[in-house]
Participant: 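The structure that follows is given in the form of structure tokens.
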Amino acid sequence: MPHDGRARTGVSEPRAREADAADTGSPPPVPEAVTSERALTFVGAALTAVYLPGAGNQELRLVETAGSARCEYGLPDRLPLSGDSPAAHTFRTGRPLWLTSEALASYSTGGPTPPRPETSLAALPLGTERGRLGCLVVVGDSADGFEAEQRRFLEQYADAVLAVLRTGTGRPAPSPLLSPALRSLCVGSFVITPDTGLIEADETLLELAGITPDDFDGKADTLLAHALPEDMHALMSVLEPSTQTVGRRELEFRVRRPTGEMRWLSLSCQVAAGCDGRPEQVLGVVTATSVLRQSADDVSRIQWLTAALDDAATVRDVSRVVVTALGEPLGADRVALAELQDDRLAVTVLDPPEPAAWPQWWRSEWRSEWPDAPVSALPTLQMALRDGRMDLWSAGAALEPGLAGIGAGGLAVLPLPAKGWVAGVCLVGWDQPHEFVPEERFLLTATAALVGQALKRARAHDAEQELATMLQRSLLPRRLPELPGGTAVARYLPAKRGLQVGGDWYDVIALSEDRVALVIGDVQGHSAGAATIMGQMRTAIRAYAVEGHPPDVVVSHANRLLVGMETDLFATCCYAELDMEEGNALFVRAGHLAPLLRHPDGRTEEVQVEGGLPLGILADAEFPMTTCALAPGTVIVMVTDGLVEAVDLPLDEGMDRTRTALAGADPADPGEMADELLGELDPREDDVALLLLRYDGMKTRPIRAGWAVWRLPDAVMHARRFTARALRRWKVEEVTDAALLVVSELVTNGLVHTQGPVRVDLMLRGDRVRVSVSDCSPRSPAKPVIVDWDATGGRGLLLVEAMSESFGSVPVAGGKQVWSELVVPHCDQAHVDSGPRTQRRGLP
């Protein structure tokens, strides 16, 4: 029914009804004149009149009037067609006039008498240019004129009057026009007495609801039984109004007719209060409305929503789209979206996000960022989720504490269906009284269906993302080691498509105190299989590297391993071994992009590394090494192709772009430098790995000396003399006793328990002396579990461990190295002999 917030309540009082509420007899019919007055009053019409041309078509004659103000207003019986009256002007031009009180005052004739400042007028032509049969004049009771909804209804009313008028053409006297025309529009009226639950309904209203007059007992419950359950809450607020709902009400609802047909009805009512302020009567009209009227705006809004949800990948993305689609267009004050997870509702978005905007019960259930609560604690939501249908609660509805305050002026509860189950629920609330018109119901219903499907897709996406993130984190290093003489940082960005887990990997391997290996690679494809191969390659290369193999051997072993796996996937790899003391780098490339260097002066270059085949192609492939000297301040950058190559970005252009970014970046902060190299990569077609190392040079350069032990009866004595001589030259005699003990035990173990050469290496860095003994056995030395008085050995390693600051064993190529570190008290390396930094084998 058209909206009119300013219409008067001037309708006739219902006839006194003394019958008991239990009486099942049919109430007497309501006079047609009464129903017509009620209907016209609710469209703001105090008086309606029909003017038809008189004899000779020189004037307009008043042939019929209707309305509640016929006794209060008077209209001229005759109006000259050439005169200055609204009816004559409309008849001559064929265009309707909508006059406010101010505009009506400019017409000298044709207005109601006596004139009133709150009176408006509308004049609508009856007919077209081919033939105008008359004019419909409507006197309004508002100084501001008629609203858009009221105008549309009156235009339909004029068409109905014209249709009745045409059926009576040629008769000597015109038949009644206004009442039959109104009856053809199917406008029903009613009067409800809330205290008794009785309703006075006319035949039109009964016909709209699918009830015959003989079956109607005058009870409101009889009409309510034909309404759909989803609309029951809104209708109950009309049938049982509270003191807060006194005034004008508009709503749309649906009824199920005996034939099974569902019909949309529009209801407009006025709640009249008694002397005590309580609702005394509910006066209203009901009309049939088209099912789900869709305007161009509604269609475009749904099209936008569909496109926006299609781009929403995560649950949070879906939530933001819902807020945009429902919040502002519907004038809602609150929007909440919650996922159904087992038996709990996990709220993903609240708009507004401030806790103070939501009920106290929600604030008491706050969990970190958003609240969550069991479904059983919210019966209204539990019922909506169980039935899967939308519930609309009008202003003043009684809700449980968990929902009170979300929509004091109206609350929409939207279950979100998703292929046979409910993915969640959406709440839309208003603070001021809100009416749910059919267009709005259509938008809410369509939104719920689209959001439910999108939420299901987003939840699956988030689950895949969580799985991919967990898998990626388990396969890539959690943190990079701290390096002497340099700083390494890494970045990994997964692709935005598919499983989001790929074959890109990186690693930083500390080989010794002054040697580090950098490796970056890419396994073909984006799948769990690619990630599995990636993890195996990273583990294999790390294992080969820590054994002490040179770079070409490490990559060759990894290649043979991948070939032996008999997988259809191949991998690319770039491996670099850096001597942090001397500033030398050895590069090996297996089908991968060449590394980039940024020199201290800002120049950049692509290292020309002689490449080999990708891993997994040919078992006997060769991987030559390329040597490069590094100056302190040099930055090494190793990347995968996801950074420099895309559908619209050729590889050469991508490399040039990265070199330009590298030249302009500030190497003072390697982490920020890596972020600048990544740039804007969203959305990404491929995953991206980036490994960056800034070589600073070692502040404290170590001093080394080495000795190849001869397998002679006095070999341990020679090793001890070499050690004592080196420590004296380095001026660290304070640790001579401990060092000699360590050398004696470790060299003895190497000669007794292994075959092949044994070597002693000494190194002084800062205040620490490192003693290392290498042999050809891969087995690590084992300390005895129990040492008793009868044991003839096993105490040596216990002594070494007790004398050392730290002690351990590492595998090296062809064997192992057992090492011990000793702390030199009050060591001043500036006084150390500045002779050769490395002493090879010498005579004792």
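As a basis for the values below, the full set of heavy atoms in this structure was taken, side chains included, without hydrogen atoms, waters or symmetry mates.
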Participant: With sequence neighbours left out, write down each residue that passes side-chain contact (heavy atoms from CB on, under 4.5 Å) with Glu676, or none if nothing qualifies.
Facilitator: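 Applying side-chain contact (heavy atoms from CB on, under 4.5 Å) to Glu676 gives Ala665, Glu672.
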
Participant: Within a strict 4.5 Å, meaning less than it, do heavy atoms of the Val554 and Glu577 side chains meet?
Facilitator: no

Participant: Does Arg720 use its side chain to pair, donor to acceptor, with the backbone of Ala739 at less than 3.5 Å?
Facilitator: no

Participant: Residues in side-chain hydrogen bond (donor to acceptor under 3.5 Å, both in side chains) with Ser804, at least two apart?
Facilitator: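 Expected list: Ser820.
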
Participant: Check Val519 against Cys573 and note the closest heavy-atom contact, atom names and distance.
Facilitator: CG2-SG, 3.7 Å

Participant: Under 3.5 Å, sequence neighbours excluded: what are the donor-acceptor pairs made by side chains of residues 536-546?
Facilitator:
{"residue": "Arg538", "atom": "NE", "partner": "Asp507", "partner atom": "OD2", "Å": "3.3"}
{"residue": "Arg538", "atom": "NH1", "partner": "Leu475", "partner atom": "O", "Å": "3.0"}
{"residue": "Thr539", "atom": "OG1", "partner": "Gly535", "partner atom": "O", "Å": "2.8"}
{"residue": "Arg542", "atom": "NE", "partner": "Asp507", "partner atom": "OD2", "Å": "3.0"}
{"residue": "Arg542", "atom": "NH2", "partner": "Asp507", "partner atom": "OD1", "Å": "2.9"}
{"residue": "Arg542", "atom": "NH2", "partner": "Asp507", "partner atom": "OD2", "Å": "3.4"}
{"residue": "Arg542", "atom": "NH2", "partner": "Val508", "partner atom": "O", "Å": "3.2"}

Participant: Tell me, please, which residues at least two apart from Asp696 pass salt bridge (Lys or Arg N to Asp or Glu O under 4.0 Å).
Facilitator: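 With neighbours one apart ignored, the set is Arg694.
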
Participant: With no hydrogens and no angle check, is any side-chain donor or acceptor of Arg659 less than 3.5 Å from a backbone partner on Thr604?
Facilitator: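 A pair under 3.5 Å: yes.
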
Participant: When rounded to the nearest 0.5 angstrom, what is the spacing between CG in Leu518 and CG in Leu483?
Facilitator: 8.0 Å

Participant: So, does His592 use its side chain to make a donor-acceptor pair with the main chain of Val639 at under 3.5 Å?
Facilitator: yes

Participant: For the pair Tyr695 (side chain) and Met580 (backbone), establish whether a donor and an acceptor sit closer than 3.5 Å, ignoring hydrogens and angles.
Facilitator: yes

Participant: Test side-chain contact (heavy atoms from CB on, under 4.5 Å) on Asp775 and Lys816; report intermediate values, then the result.
Facilitator: CA-CA 6 Å; Asp775 58 53; Lys816 67 175 179 298; 2.9 Å; yes

Participant: Which value, rounded to the nearest 0.5 Å, describes the distance between Leu597 atom CG and Phe587 atom CZ?
Facilitator: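 If we round to the nearest 0.5 Å, Leu597:CG and Phe587:CZ are 5.5 Å apart.
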
Participant: Is there a donor-acceptor pair closer than 3.5 Å between any side-chain N or O of Asp687 and the backbone N or O of Leu493?
Facilitator: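 No, because the side chain of Asp687 does not come within donor-acceptor range (under 3.5 Å) of the backbone of Leu493.
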
Participant: Is the backbone of Met717 close enough, under 3.5 Å, to the side chain of Asp714 for a donor and an acceptor to pair up by distance?
Facilitator: no

Participant: Only pairs under 3.5 Å count here: list side-chain donor-acceptor contacts from residues 617-626, not counting sequence neighbours, and write none if there are none.
Facilitator:
{"residue": "Asp620", "atom": "OD1", "partner": "Arg560", "partner atom": "NH2", "Å": "3.2"}
{"residue": "Thr626", "atom": "OG1", "partner": "Glu610", "partner atom": "N", "Å": "3.3"}

Participant: For Glu821, what residues pass the side-chain contact (heavy atoms from CB on, under 4.5 Å) criterion, not counting sequence neighbours?
Facilitator: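 Glu821 satisfies side-chain contact (heavy atoms from CB on, under 4.5 Å) with Arg768, Arg770, Ser806, Trp819 only.
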
